[in-house]
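Data block below; observations after.
Just so it is clear, the structure is predicted and the values come from calculations on it, not from any experiment.
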Amino acid sequence: MTDLAHMETGTEVHSTCSLDIDHPPDNIIDGDQSTFWTSTGLFPQEFVLRLGSSATINRIKSSTTNVRHFVVESCDGPSPITWVPVFDVELSNPGDGQIQFEVNKVKCLAQWLKFKVLSGWSDFVT
């Protein structure tokens with residue numbers, strides 16, 4: 001399967017609600033597990049990805065830390081106007097700083113994906 005959320009496929013981080021210059025948003029899509037985007041505190045936190053093209057998405061894999069509750073929404077079309085829920089998940093607390101690996105089976109057509117972290121197990125999430 002192709003990793004659509006990667007800068008090599010034309011995906012871009014369209015927007016984020018927080019910026020830490022040491023952990024910039026492009027780390028979300030660089031494919032390097034040693035780099036990451038981090039929030040700057042407070043909830044909700046969100047980021048929006050614009051995929052390189054419209055695609056059918058069958059699963060969404062995520063690697064996070066300290067995330068408690070997050071949702072993903074999709075939008076298909078040239079502009080992110082109407083968002084459709086894709087999934088809503090509560091994650092267990094594996095311990096401070098431990099990576100939370102998730103694979104969620106989904107079925108959607110999207111050119112845009114919005115990831116919203118509604119709460120965390122810590123003030124900062126990645």
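- For the residue pair Gln100 and Thr64, a side-chain donor N or O sits within less than 3.5 Å of a side-chain acceptor on the partner.
- Grouping the Ile, Leu, Val, Met, Phe, Trp and Tyr side chains by contacts below 4.5 angstrom, directly or via other members, places Phe47 with Val117.
- The closest donor-acceptor contact from the side chain of Thr16 to the backbone of Ser18 lies under 3.5 Å.
- Gln111 and Ser53 share no donor-acceptor pair across their side chains, judged by distance under 3.5 Å alone.
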- Item | Full working for side chain to side chain contact (heavy atoms under 4.5 Å, CB included) between Leu42 and Asp123 | CA-CA 6 Å; Leu42 300 177; Asp123 291 339; over 6 Å; no
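- Gln33 and Ser63 make their closest contact through OE1-OG, 3.6 Å (heavy atoms, listed as atom of the first residue, atom of the second, distance).
- Hydrophobic cluster membership differs between Trp37 and Phe124, with clusters built from Ile, Leu, Val, Met, Phe, Trp and Tyr side chains linked at under 4.5 angstrom.
- Under the 4.5 Å side-chain heavy-atom criterion for ILVMFWY residues, a single connected hydrophobic cluster contains both Val125 and Ile29.
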- List the steps, then state whether side chain to side chain contact (heavy atoms under 4.5 Å, CB included) holds for Val48 with Val13. CA-CA 6 Å; Val48 175; Val13 178; over 6 Å; no
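- Separating the CZ atom in Arg59 from the NZ atom in Lys105 is a distance of 9.0 Å, to the nearest 0.5 Å.
- Contact check for Leu118 versus Phe43: no side-chain heavy atoms found under the 4.5 Å cut-off.
- To the nearest 0.5 Å, the span separating CG on Leu51 from CD on Glu12 amounts to 10.5 Å.
- Here CH2 of Trp112 is found 13.0 Å from OG1 of Thr82. Values are rounded to the nearest 0.5 Å.
- Side-chain contact check for Asp88 versus His69: some heavy-atom pair is nearer than 4.5 Å.
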- Query: Between Asp30 and Thr35, is a side chain to side chain donor-acceptor pair (under 3.5 Å) present by the stated rule, with each step listed?
  - Reply: CA-CA 8 Å; Asp30 69 1; Thr35 65; 2.5 Å; yes
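- From Ser122, atom OG reaches atom CG of Asn93 across 9.5 Å, with rounding to the nearest 0.5 Å.
- Here the straight-line distance linking atom OG of Ser119 with atom CG of Leu91 works out to 9.0 Å at 0.5 Å rounding.
- In terms of hydrophobic clustering, with Ile, Leu, Val, Met, Phe, Trp and Tyr side chains grouped at heavy-atom distances under 4.5 Å, Val89 and Val67 are assigned to a common cluster.
- In terms of heavy atoms, Pro24 sits closest to Leu19 at CA-CD1, 4.4 Å.
- Residues Thr65 and Thr126 have side chains that bring a donor and an acceptor to within less than 3.5 angstrom of each other.
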- Message: Could you walk me through whether Cys75 and Lys114 satisfy the side chain to side chain contact (heavy atoms under 4.5 Å, CB included) test, starting with their C-alpha distance in whole Å, then the side-chain angles of each, then the deciding distance to 0.1 Å, before giving a yes or no?
- Response: CA-CA 8 Å; Cys75 176; Lys114 182 189 297 185; over 6 Å; no
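- Trp121 contributes no side-chain N or O that, together with a main-chain N or O of Gly97, makes up a donor-acceptor pair within less than 3.5 Å.
- Asn27 contributes atom CG, which lies 8.5 Å from atom OG of Ser34 (distance to the nearest 0.5 angstrom).
- Tested against Lys116, the residues Glu73, Gln45, Glu46 include a single side chain to side chain donor-acceptor pair (under 3.5 Å) partner, Glu73.
- Taking the six-membered ring where the residue is Trp, Phe115 and Phe70 present parallel rings, their angle staying beneath 30° rather than reaching 60°.
- When only modelled atom types and interatomic distance are considered, Ser54 and Asp76 share a side-chain donor-acceptor pair under 3.5 Å.
- Residue-environment remark: CD (Glu102) exceeds the threshold of 12 foreign heavy atoms within 6.0 Å.
- Using cut-offs of 30° and 60° for the angle between ring planes, the His23 and Phe36 rings count as parallel.
- You'll find the side chain of Phe87 reaches within 4.5 Å of the side chain of Ile60, heavy atoms only.
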